[in-house]
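Proteins come first, then strands; the chains are lettered A, B, ... in the order of their sequence lines, and each starts at number 1.
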Protein chains: 2
Amino acid sequence: MVTLLDVARRARVSSATVSRVLNGAGRISESTRRRVIEVANHLGYQPNQVAKSLRLGRGRSVALLIGDIEQGTYMALTKRVQLALQALDLDLLLFNLDHREDRLFGFLDRAPTMGLLGVVMAVPRRMDGRRLARYAERLRTQGMLLVAVGQRLNRLGVPSIVHDEVTGAGLAIDRLVTGGHWPLAYLGRTVTSATGGARYRGFRAALTARGADTATCELWECTDKFRAEAGYHVVGEALRRGTHVRGVVAMSDEMALGGIAAALDQGLAVPRDIAFVGYGALDWGGYARPALTSVLVNADAVAEALEALFRAHQEAREPRMLTIVRPALVARTSA
Amino acid sequence: MVTLLDVARRARVSSATVSRVLNGAGRISESTRRRVIEVANHLGYQPNQVAKSLRLGRGRSVALLIGDIEQGTYMALTKRVQLALQALDLDLLLFNLDHREDRLFGFLDRAPTMGLLGVVMAVPRRMDGRRLARYAERLRTQGMLLVAVGQRLNRLGVPSIVHDEVTGAGLAIDRLVTGGHWPLAYLGRTVTSATGGARYRGFRAALTARGADTATCELWECTDKFRAEAGYHVVGEALRRGTHVRGVVAMSDEMALGGIAAALDQGLAVPRDIAFVGYGALDWGGYARPALTSVLVNADAVAEALEALFRAHQEAREPRMLTIVRPALVARTSA
DNA sequence: CTGAAAGCGCTTACAG
DNA sequence: CTGAAAGCGCTTACAG
């Protein structure tokens with residue numbers, strides 16, 4: 001590996017000068033600048049990022065903490081986050097938490113030793129607020145940016161990017177009601193999920209705002225992860241119980257797909273007998289039959305907000321503590 | 001941040017001793033060992049990974065280069081790879097290449113400056129072998145391990161983990177033929193994909209091995225990515241052309257789903273009129289209707305092989321240059 | 001405009 | 001068994 005010192009020797013200047021030229025800092029005479037750059041190019045010099053990180057006290061990587069990357073919506077998010085970071089010339093360190101709180105805090109513990117620029121946590125789990133606030137404070141004093149995606153943690157001092165769940169639920173509800181599907185069920189709340197809780201509250205709020213009779217509506221909980229299998233199970237059970245529900249707002253596209261399969265397997269027609277709206281608007285959903293109608297979580301908007309947050313951080317500006325992203329409806333045939 | 005020196009001062013020993021205790025190197029008297037460990041725990045000391053990396057010349061991160069993380073099979077792979085690395089206490093740096101060769105080589109260029117332990121490339125793209133061999137050599141001299149997943153690059157000096165495509169295709173073919181679905185088409189080869197090419201060759205080979213009359217079989221190419229939309233398009237076209245194909249071996253589950261949708265939309269019954277086998281055996285595939293029959297790419301086996309490779313590397317043993325993973329069939333109802 | 005020197009936080013020959 | 005010292009490859013006051 002060719003080092004900065006190699007360049008300096010060859011260009012007959014000090015290492016300080018080479019550093020200044022390459023980082024565009026301080027006044028440098030045009031002739032030495034040219035010479036240094038030429039030598040650097042000629043030798044194919046590339047600055048050692050590890051040494052830079054050590055010296056500067058922070059690196060160019062951002063850690064993304066994900067609840068479960070196998071859920072389609074996190075995967076889409078991961079991709080967009082990577083793109084956003086790439087635009088800022090930052091690298092992405094990925095951590096799959098598998099929905100385990102100990103993995104989260106374990107990571108936050110060693111984060112300061114890793115030379116990270118920041119940490120983005122896209123974890124739906126409900127967590128110990130006090131404890132998190134302590135970690136957040138610690139990371140801040142280290143000059144690291146901690147951001148939450150999908151959960152409102154701004155009260156704990158963590159800039160947060162969340163979806164407008166009331167609007168999202170409203171979109172789903174209106175679609176179902178307009179299609180004559182009533183009463184409704186909310187499919188997939190899990191007790192351990194803060195995101196799930198917020199989304200369910202959004203569902204209730206949207207219902208109430210429309211003056212609907214919520215008494216006939218149902219909540220179908222899951223103890224499982226938010227996967228197709230759980231949806232299949234829960235909806236199958238409800239149907240066997242003889243539920244009157246005719247419209248389902250699902251927590252994810254996977255859940256909606258599972259629920260639809262359960263209905264189909266019991267000889268029902270979708271959406272005629274029971275309609276489904278998913279969440280995430282994943283690519284493949286449009287090719288299921290019936291095609292999934294779904295609330296679009298705007299991963300692009302999230303990525304944009306994230307980029308703005310990191311830009312502000314790099315320019316030492318105050319971060320926006322709460323960004324609310326508006327979802328949209330992708331109307332297809334399952335509702 | 002509490003540093004090693006803080007621990008040393010407080011324990012009244014030199015920094016060398018603390019380092020030795022914490023890394024289990026050299027003979028240390030039991031009493032100082034105990035004292036050092038106690039002080040370290042008491043102060044909550046955590047070694048600065050950046051400094052370690054600089055000093056040791058390599059870090060604890062492995063970069064995973066992915067063609068397109070939005071494809072389900074890569075996502076599943078990503079998760080397993082992360083798990084495998086975690087077992088070795090290594091971190092995962094994720095790069096989404098978006099199928100662009102310049103991004104690949106751009107990364108390989110700066111990889112040596114990042115203090116990585118290794119690079120895993122799971123990219124299906126056909127690429128410039130000469131150029132790649134040069135990079136591979138360069139990384140090796142830096143003590144970094146470069147591994148290919150899904151593409152046979154062992155001839156270029158890159159340890160490779162690949163699927164046994166002939167077996168995989170054979171599983172799909174036997175399932176289709178046994179069900180009376182004939183002739184067959186292979187759906188989704190793209191010219192730029194080395195993996196796709198290998199898989200198609202596996203399909204041909206399996207066909208030949210069975211003494212089948214390959215003349216009646218078709219190849220349905222895609223210029224697109226391997227997504228549901230491409231499958232929908234290509235199968236729709238073929239059907240409209242009046243193809244005699246009755247069984248489809250698809251490049252991915254997404255493609256199979258798209259193809260099934262096209263058949264369904266033209267009033268055909270699946271699998272009665274035309275049957276489909278996907279690739280990847282993704283979770284949600286079991287809840288599509290009909291449920292996707294699919295070739296299982298054993299992500300666990302891949303992760304295991306990867307773990308073995310990194311373990312060998314850390315113990316300075318010769319890596320196994322080629323690992324072939326046997327796929328299995330997940331039989332459901334689409335074929 | 002430029003350089004000598006210190007230092008980021010570690011590890012490891014070398015010496016005792 | 002333990003320590004003083006050098007050094008990994010950078011950046012940045014400080015001095016001129």
Calculate the interatomic distance between [X] atom [atom1] and [N] atom [atom2]; express it in whole Å.
X	N	atom1	atom2	answer
A:Arg58	D:dT11	CZ	P	11 Å
B:Leu4	C:dT12	CG	C1'	13 Å
B:Leu56	C:dG9	CG	C1'	11 Å
A:Met114	C:dC10	CE	C1'	17 Å
B:Arg12	D:dG3	CZ	P	12 Å
A:Arg27	C:dT2	CZ	P	12 Å
A:Arg33	C:dC1	CZ	C1'	11 Å
A:Leu5	D:dC10	CG	P	9 Å

With respect to the phosphate group of [N], does any side-chain polar atom (N or O) of [X] fall under 4.0 Å of OP1 or OP2?
X	N	answer
B:Thr17	D:dT2	no
B:Thr32	D:dT2	yes
B:Asn48	C:dC8	no

| request: Find the partner of D:dA4: check Watson-Crick (N1-N3 plus N6-O4 or O6-N4) and G-U wobble (N1-O2, O6-N3) distances, both under 3.5 Å, and reply none if neither fits. | output: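 Matched D:dA4 with nothing under the 3.5 Å cut-off.
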| said: Can you tell me the base-pairing partner of D:dA13? Count Watson-Crick or G-U wobble geometry only, both distances below 3.5 Å, and say none if there is no partner. | reply: none
| query | Which distance, rounded to the nearest 0.5 Å, do you find between the CE of A:Met114 and the CD of B:Gln49? | reply |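 The CE atom of A:Met114 sits 7.5 Å away from the CD atom of B:Gln49.
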| message | Counting distance alone, no hydrogens or angles: does the base of D:dG9 have a donor or acceptor under 3.5 Å from a partner atom on the side chain of B:Arg55? | response |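 Donor-acceptor pair under 3.5 Å: no.
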| query | Taking the nucleotide of DNA chain D with the closest heavy atom to each, which residue, B:Ala16 or A:Val50, is nearer the 5' end? | reply |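 Residue closer to the 5' terminus by nearest nucleotide: B:Ala16.
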| message | Donor-acceptor check, side chain of A:Ser61 to backbone of A:Asp91, threshold 3.5 angstrom: yes or no? | response | no
| Check: B:Arg125 main-chain N/O paired with B:Ser193 side-chain donor or acceptor under 3.5 Å | no
| message | Base, sugar-phosphate or nothing for B:Leu54? Non-hydrogen atoms, less than 4.0 Å. | response |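 B:Leu54: base contact, heavy atoms under 4.0 Å.
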| With sugar-phosphate meaning primed atoms plus P, OP1 and OP2, does A:Ser53 contact a base, only sugar-phosphate, or nothing at under 4.0 Å between heavy atoms? |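 Touches nothing.
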Which nucleotide, [options], lies nearest any side-chain atom of [X]?
X	options	result
A:Lys52	C:dT2, D:dT11, D:dC1	D:dT11
A:Ala51	D:dA13, C:dA13, D:dC10	D:dC10
A:Ser14	C:dG3, D:dC10, C:dT12	C:dG3
B:Arg20	D:dG9, C:dC10, D:dT2	D:dT2

| field | Test side chain to side chain contact (heavy atoms under 4.5 Å, CB included) applied to B:Leu93 and B:Leu65, B:Val62, B:Leu116, the passing residue | value |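 The single option meeting the side chain to side chain contact (heavy atoms under 4.5 Å, CB included) with B:Leu93 is B:Leu116.
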| message | Can you see whether A:Phe105 has A:Arg131 sitting over its ring - NZ or CZ less than 6.0 Å from the centre and within 45° of the normal? | response |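 Yes, A:Arg131 and A:Phe105 form such a contact.
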| Check against side-chain contact (heavy atoms from CB on, under 4.5 Å), B:Met121 and B:Val147 | CA-CA 6 Å; B:Met121 27 186 284; B:Val147 177; over 6 Å; no
